[in-house]
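Read the structure below first, then the notes.
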Amino acid sequence: MEREPQKIREGYLVKKAMFNKWKPMWVTLLEDGIEFYKKKNDNSPKGMIPLKGTVISNHCQEFGKRMFVFKLTTAKLQDHYFQASHHEERDAWVKDFKKASTCIENGQRFSRKSTRKSIRLPDTINLSQLYHSMRDPDKGIKDLKLEKDKKVFNHCFTGTCVVDWLIANRSVRNRQEGLMLASALLNEGHLQPAGDISKNAAQGLAETTLLDSSDALYYFPDSGFFCEENSSDDDALFKEEFRGNVIKQGCLLKQGHRRKNWKVRKFVLRDDPAYLHYYDPASGEDPLGAIHLRGCVVTAVEDFSKKQEVEGNLFEIITASEIHYILQAASSAERTEWIKAIQTASKIGK
């Protein structure tokens, strides 16, 4: 009797559809392929991508401001693009995709426990580990507020700071090596350009994609980066919502307030001030809404109406102004993580 393929990972990703439209999908990675569904509870997948002969590219810069995109190219040279909600989520999916694909080629079963050493760059530098070291609150690169060309760039740093840190951290021997390694970090999406000078270089208009210059500005993905120009008092209040550190993010199902229908939304939780912003995961950099968490109550919901189209792993946020939000996580463990994170933010954030 043939064994059913093992389920390796599942969750929400945004998939590129026809006519350059992007749609949120429930994606399941199996040992032999990827299934994607329009809704999590659908019985039949909308499509399936076989893993045998598939090549995975863990970073794509083909879509402008759309970040955390990776590409699957099948044996028939068909390209499939997926977008994760944040950096760590993309890396986790890509890691499992690559491992599952390698197991197929070698005739092995997928196993998260492996005695094989992780793949390293020729110079023994692991970009993902280096990125996390750079984000260390004490020993990493410090986010700054910098002014340039009558604009204020928040949560960013200069190209010179990146190279200086790499040398001080003994990751490289000199500035030339530092520039090459910094460019590799940029190419892999661990750094993002801010401002015209750095963006032009990243687009190939300079000798290197990253510039060792105090005029070239960069930021970490999901750092809370934003740029201010001459703005009104209302704009200043709006920007205040984004000054907190991002402490959790990901996709959840959200129930609408009017039609009571359910839609996939990307949520970003910030700590001080405590806000939970939600976005259309398939488009738009601007949030669809913001939930001020100071003084809120968040609880798990077990007894929900049977008439609803979703059930299980639900939780509710009731704000200080008594606005109710009903959300659904992908699993019980994920629901618990969100509840704890929101409770913590609501207590310490203003």
Side-chain angles (χ1 to χ4, degrees), residues 1-17 22-58 68-76 78-116 118-119 128 248-253 262-267 281-282 300 309-315 327-339:
M1 185 175 178
E2 189 173 344
R3 182 180 60 86
E4 285 291 320
Q6 177 188 346
K7 186 184 295 184
I8 297 169
R9 176 180 291 275
E10 59 183 349
Y12 289 110
L13 291 172
V14 179
K15 186 180 186 300
K16 183 177 179 292
W22 295 75
K23 297 181 179 180
M25 295 281 182
W26 181 259
V27 181
T28 300
L29 171 61
L30 304 170
E31 288 179 300
D32 60 350
I34 305 106
E35 295 178 342
F36 48 95
Y37 301 77
K38 187 175 180 180
K39 295 181 181 179
K40 179 186 175 184
N41 295 331
D42 286 353
N43 293 322
S44 301
K46 190 174 178 66
M48 194 270 189
I49 304 170
L51 272 181
K52 188 172 183 179
T54 296
V55 177
I56 299 97
S57 303
N58 69 330
F68 318 123
V69 175
F70 58 92
K71 178 174 70 173
L72 306 180
T73 303
T74 68
K76 295 183 178 180
Q78 294 177 323
D79 291 334
H80 298 269
Y81 296 91
F82 293 90
Q83 181 184 22
S85 63
H86 56 280
H87 188 277
E88 289 79 7
E89 183 181 62
R90 183 198 67 185
D91 285 357
W93 273 99
V94 169
K95 181 180 179 181
D96 281 350
F97 273 129
K98 288 184 175 180
K99 188 169 183 180
S101 181
T102 300
C103 287
I104 290 176
E105 296 299 325
N106 296 336
Q108 299 172 336
R109 285 194 60 183
F110 184 96
S111 173
R112 293 196 182 277
K113 296 180 180 180
S114 175
T115 57
R116 296 175 60 186
S118 60
I119 300 173
S128 293
K248 188 170 178 58
Q249 57 190 319
C251 287
L252 299 167
L253 272 180
W262 293 83
K263 291 187 177 181
V264 179
R265 295 292 180 236
K266 174 183 174 180
F267 285 82
E309 60 181 280
V310 302
E311 59 182 14
N313 306 319
L314 298 165
F315 63 100
L327 308 172
Q328 185 192 43
S331 66
S332 176
E334 185 180 70
R335 177 178 68 173
T336 301
E337 290 177 4
W338 273 105
I339 290 175

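Between Leu51 and Ala100, the shortest heavy-atom distance links the atoms CD1-CB, 3.6 Å. Considering all non-hydrogen atoms of both residues, Lys263 and Arg265 come closest at CD-NH2, 3.3 Å. Smallest separation of non-hydrogen atoms from Lys266 and Ser85: NZ-O, 2.8 Å. Between Ile56 and Lys98 the shortest heavy-atom distance is O-CE, 3.7 Å. Closest approach of Ala282 and Val14 over heavy atoms only: CA-CG1, 3.8 Å. Residue Leu252 comes nearest to Trp338 through the heavy atom pair CD2-NE1, 3.6 Å, listed as atom of the first residue, atom of the second, then distance.
The environment of Lys248 atom NZ is dense: over 12 non-hydrogen atoms of other residues, nucleotides or ligands sit within 6.0 angstrom.
Looking at residues two or more places apart in sequence or on another chain, you find no ring-ring contact (aromatic ring centres under 6.0 Å, His included) involving Phe315. Remark: Arg335 engages Glu302 in a salt bridge (charged side-chain N to carboxylate O under 4.0 Å, His left out) (not counting sequence neighbours). Under the ring-ring contact (aromatic ring centres under 6.0 Å, His included) criterion, Phe70 pairs with Phe82, Phe97, sequence neighbours left out. The side-chain contact (heavy atoms from CB on, under 4.5 Å) search around Ser331 returns Ala333, Glu334, not counting sequence neighbours. Glu88 is linked by a side-chain contact (heavy atoms from CB on, under 4.5 Å) to His86, Tyr131, His132, counting only residues two or more places apart in sequence or in another chain. Residues satisfying the salt bridge (charged side-chain N to carboxylate O under 4.0 Å, His left out) criterion with Lys15, sequence neighbours excluded, are absent altogether.
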side-chain contact (heavy atoms from CB on, under 4.5 Å) evaluation trace for Asp79 with Leu72: CA-CA 6 Å; Asp79 291 334; Leu72 306 180; over 6 Å; no
Audit row: Lys23, Lys16, side-chain contact (heavy atoms from CB on, under 4.5 Å) steps and yes/no: CA-CA 6 Å; Lys23 297 181 179 180; Lys16 183 177 179 292; over 6 Å; no
Trace of the side-chain contact (heavy atoms from CB on, under 4.5 Å) decision for Thr54 with Ile104: CA-CA 10 Å; Thr54 296; Ile104 290 176; over 6 Å; no
side-chain contact (heavy atoms from CB on, under 4.5 Å) assessment of Phe68 paired with Glu89: CA-CA 9 Å; Phe68 318 123; Glu89 183 181 62; over 6 Å; no
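For the atom pair OG1 (Thr74) and CD1 (Ile34), the distance works out to 10.0 Å, reported to the nearest 0.5 Å. If you take CD1 on Ile49 and CG on Leu30, they are separated by 11.5 Å, rounding to the nearest 0.5 Å. The CE atom of Met25 sits 8.0 Å away from atom NZ of Lys38, with the distance rounded to the nearest 0.5 Å. Separating the NZ atom in Lys95 from the OG atom in Ser128 is a distance of 9.0 Å, to the nearest 0.5 Å.
A heavy-atom distance below 4.5 Å is found between the side chains of Val69 and Trp22. Using a 4.5 Å heavy-atom threshold, the side chains of Val264 and Leu253 count as touching. Side-chain atoms of Glu31 and Lys7, non-hydrogen and from C-beta on, never get closer than 4.5 Å to each other.
Aromatic ring centres of Phe36 and Trp26: separated by at least 6.0 Å.
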